[in-house]
Every structure is written in structure tokens, then in C-alpha cells.
There are 2 protein chains.
Amino acid sequence: MKATVPITVASLKVACSQCNLVELCLPFGMSENEIDRLDELVGARRKIKRQHHLYRAGDAFEAIYAIRAGSFKTDVLLEDGREQVTGFQMTGEMLGLDGISTELHSCNAIALEDSEVCVIAYGKLEELSRVVEGLQHQFHKVMSREIVRDHGVMTLLGSMRAEERLAAFLLNMSQRFTARGFSAAEFHLRMTREEIGSYLGLKLETVSRAFSKFQEEGLIAVQQKHIRILNIGGLKKLIHHPSPRA
Amino acid sequence: MKATVPITVASLKVACSQCNLVELCLPFGMSENEIDRLDELVGARRKIKRQHHLYRAGDAFEAIYAIRAGSFKTDVLLEDGREQVTGFQMTGEMLGLDGISTELHSCNAIALEDSEVCVIAYGKLEELSRVVEGLQHQFHKVMSREIVRDHGVMTLLGSMRAEERLAAFLLNMSQRFTARGFSAAEFHLRMTREEIGSYLGLKLETVSRAFSKFQEEGLIAVQQKHIRILNIGGLKKLIHHPSPRA
DNA sequence: CGCTGCGTTGAGACGATTCAAAATATGTGG
DNA sequence: CCACATATTTTGAATCGTCTCAACGCAGCG
């Protein structure tokens, strides 16, 4: 993947220290001094149009990416054509960590809307994190957080039923929107029912039915991709109180 | 697995450089010089009896662990008592990476048999990996590999049916036993049907039925926890050729 | 205005779960 | 080392949840 670099942007080198996402992104928790040193790390920004790939499974791994604007999904394609969405990423979150292990990306990263990422050359990151302690530690935390998140998804896929899964998904989205200064109760989903379904291990019809059911029960108001949460407690209860059994 | 070391404990400091697991464990790919420096890292070994916890969800995070002998499962307990097994770990694999993000362990690690781990103080690891490049890189790879593995499990849970899941599980075990110098075709599972089921998002009865079906079809021979694979190709086919649809 | 993609809803089919019982290991104390 | 108690596994039958297939509605766009 060639860095389209020059184009439109990024010639005017933008710095982490100037970025309003510091509190969500890699620099989180680092000192001002340390953050200043990060600026040499973020080589360029790259714009990705909706539906376009940031990288593909099999691509050589060279950099990780921090989402500056927009959102992405990552997915894995099975030989037989089945797709598994492994995650949805929003501003401040990192993409590409999967590539370190084999030096090849192991999944696809696709923009859900026109987006922009900061390109962090991996070699440089290792180098710099040998000197900047805070960076090293923060990077480890980011990777570890990804592992913990994945365990959460495994739990969801392994032991929850359809409605619990969707409730967990909505609560998670709400929480992440909140962290970005948006409303916890009202937001716009960037992904289709099919993508949600793939992520949750459900068919799109099942996702749609669950949305409808939640609406009937007054838990949420749905209008296409626009979601309004009317009863957070009700959603939470769904997860922790599996309706009939056990 | 031979314990070259006396019994009881690790008073006589055992070194990575002397360990026969170098090729599976953290030191993999590091130079001899680098590996020598690792010896200062592995503080002690710790024995864990079958069914005992190495650590619990909520415990303060202080170290990661390399399995020297034996095997473990990691699991997450839901509020309502449901258990999700998030992984099975064998010799040379690392435990505890989940704890870095919050400085608290986020899952339980339980020995499936009497086992022994090398304790790697996390602070020391960060310190040393600032100087030993190979260690830094290797550690990142280990974390990344964990992420990739988790994506594989998500794929399994999200888009495979019961028999495909079990086939994938058996092939994965076979491959890992092979990497450890054991037979690819014949091995002993250390976990119960219920634990396998939890890991695969299935009930133990479903797991048992799938085992029986595989046996009827001549794919494997099962005797309790002892498994003999008779037709690897058949198992692989199951995964890539979902029987009826799609 | 008529595409085309996305979302909703219904009816029937199918796979995994639940409940139940029996068979087989495993562990313990005498 | 046996005998009993407990845990694990297997198997069957009925139930239930999600999927499949299909039709229709709605929105956005050329």
C-alpha cells in the first residue's frame, strides 16, 4: 500500500500535541514532554473514502493507524465466502495491531464513512518506545485493551442470546459515543444490519427483529440507522438477567 | 515433560537459555546473547496444582507467566454465573497479557493439570525490552498473536456451526501438539466436554454428540479424553465446506 | 421515476438446547 | 484394593431460538 502521502493533506504535519483526541488515542496518559516527542512518529495522515480499504488481509504490515476522523470495520473472510466482522473502530482507536505477529495483516480494515487516519510507522514506534517510557507503556496498554475487548466479544458470542447481544452492542456504542463527547442516548450507526449481524454472530433479519422488539418494549426508538435509547436500565437488565433460564 | 529442575521450587534459578521451550516461548527468534539477558527476567517458577488458580479476575496485575509445564484455561464469569472459557494454553504460551490494560487481571487462569509457570515481572519486562530489541519485538509479536488468535475464535463463534467448531478445535489442538513434538494424530485432552463447550459456545451435550458423530463417520476415535484423528482431511473439509448451505 | 440497496416482517424448517436417564470414569475412606 | 459416592460422558426426546426463504416497504440516487 503506497502512502498516497502528498495529496491533499498532511503536508502540514499535524501534531499529536495539537490533536483533540489525545485523551482517547495513543498519547493518553503520557506527559506533555512525551507527547511532543510523538510528533515525529506520526508521519502522515491518510484519507480513506467510505467503503474503501485501509489495508487488506495479506498486505505487508508496515504501520499501525490511529483514527483521526470517521470509523471503520475490520473483518475476516472465510474461504467459502462467509464474513466475520471482528470489530468496529471509532476516532482515537487503533487499527493494524493484528499485523505485528506475522508482518502481514490478518484482516481487512474498511472505512464505514469517509475517514482519516494517522499513519504510525511501526519501526519508528518500536524505536521511540525504547526511549519514551510512557509511549512504551501506553502502547502495551492499547494492545492489552484489544485483547480484553476481544474476550468480551467472545463472551458475547459464546454465551449470550440474540437480544442480549444486541443490547450489549448498543450499550457499548453508547458508552463509546459518550467518551467522545456525543450523546449517550442518541446516535447514528454507521454500519448496516448485516454488518452488525456479522459482528454479533446473527443474521441481519434477527438483528432487525431484535431492534423491532426493543422498540415495541419502549427500550429504544429506531429509525433506520438512527438510534435513541429510551431505557438504558432496561437494556442493561437484559444482559444480566437472561430472560427465561439459568 | 521432563522437569530437569529439582522438585519443589525454583531456588536454583533456571534460565531461558537452558530451557527446551525456547522455540515456542517468549525467547523465540531472539539471538543467544539476547536470550542470556532474559535470564535475569524470569524471577521464579511457580507450581500450580490442578484446578487451582494462577490468578483471578480482579487480582492486581504484576507479572505475566510463561507455561513451563502443564496447561491452563482462562475464563470469564458473568454476573449470572455463566462461564465463558476464552482460551486453553499449553507449554511455552503466555498468560496474563490481559492484565496490562487496567493493571487488574480481567479473567481467571486455572490449571487443567499440575503445572508450572515462569513468573515474569512486568516492570522488569518493560525495562529490559527497552534495551534488548529482540525482546521488545518478540513481546509485541506475542501480544499481536493473541489478538489474531482471538479473531479466529470470534470467527469460529460467529459463523461456524457446531461440528465445524469442534473440527476446528481438534485441528488446532493437533497442530499445537505437533509444534511441541507430540503426535499430530493422537493426544489427550486435558479439559472436560463442558469446558470445550464453553470455549466453542456450545453445550456439553452438543460437544459430546459431535464427538460421537465424528467417530461414526470414521474421522476420529474417541475414548473419553483420548483422541485419535483418523482422517485429518475429512476434518478440514468440514470447516471449509459447510455441509448444506452457503 | 424507476432503479438498487437496505430494512422489515412473516411462515416454516432446522439445529442446538433442555431435561432426563443411564453408562462410564474418578476419587475417597475403610 | 475394594466399595461407595461423585463427577463426567453419552444418548434420547421434546422444545425453543435462530435461520432460511420470500415478499414487501422505504430511502437514496442517477
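Proteins come first, then strands; the chains are lettered A, B, ... in the order of their sequence lines, and each starts at number 1.
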Spacing between E163(A) atom CD and dT18(D) atom P, to the nearest angstrom: 7 Å
For atom CG of L200(B) and atom P of dG15(C), their distance in whole Å: 18 Å
Partner set under salt bridge (Lys or Arg N to Asp or Glu O under 4.0 Å) for R176(A), not counting sequence neighbours: E93(A)
All N/O donor-acceptor pairs, side-chain side in residues 221-233 of chain A, below 3.5 Å, sequence neighbours left out:
from	atom 1	to	atom 2	distance (Å)
H226(A)	NE2	E186(A)	OE2	3.1
N231(A)	OD1	G233(A)	N	3.3
N231(A)	OD1	G234(A)	N	2.7

Value in whole Å for how far the C1' atom of dG17(D) lies from NZ of K203(B): 13 Å
For atom CD of E113(A) and atom C1' of dG28(D), their distance in whole Å: 18 Å
By ring pair (Phe, Tyr, Trp, His ring centres under 6.0 Å) - contacts of F214(B) (at least two apart): none
Distance, rounded to the nearest Å, where L238(A) contributes CG and dG17(D) contributes P: 14 Å
Helical bend (five base pairs per end, nearest 10°) for the helix from dC1(C)-dG30(D) to dG30(C)-dC1(D): 50°
Summary of salt bridge (charged side-chain N to carboxylate O under 4.0 Å, His left out) pairs that have at least one residue in residues 55-65 of chain B, sequence neighbours excluded: none
Residues that R209(A) engages under salt bridge (Lys or Arg N to Asp or Glu O under 4.0 Å), provided they are two or more places apart: none
Sugar-phosphate only, base, or nothing, as touched by G197(A) at under 4.0 Å among non-hydrogen atoms: nothing
Any residue meeting salt bridge (Lys or Arg N to Asp or Glu O under 4.0 Å) with E83(B), in chain and number order, not counting sequence neighbours: K73(B)
Charged tip of R190(B) within 45° of F88(B) ring normal and under 6.0 Å: no
Ring geometry between Y55(B) and Y65(B) (parallel below 30°, tilted from 30 to 60°, perpendicular above 60°): parallel
Spacing of L166(A) atom CG relative to dT18(D) atom C1', expressed in whole Å: 14 Å
Interatomic distance, I196(B) CD1 vs dA16(C) C1' [rounded to whole Å]: 17 Å
Dump the pairs, protein N or O against N or O of nucleotides 5-12 of chain D, anything under 3.5 Å, distances to one decimal.
from	atom 1	to	atom 2	distance (Å)
dT9(D)	OP1	K225(B)	NZ	3.2
dT9(D)	OP2	R193(B)	N	2.9
dT10(D)	OP1	R193(B)	NH2	3.2
dT10(D)	OP2	R193(B)	NE	2.8
dT10(D)	OP2	S208(B)	OG	2.8
dT10(D)	O5'	S208(B)	OG	3.2
dT11(D)	OP2	S212(B)	OG	2.5
dG12(D)	N7	R209(B)	NH1	2.9
dG12(D)	O6	R209(B)	NH2	3.2

All salt bridge (Lys or Arg N to Asp or Glu O under 4.0 Å) counterparts of E23(B), not counting sequence neighbours: none
Interatomic distance, M160(B) CE vs dT18(D) C1' [rounded to whole Å]: 19 Å
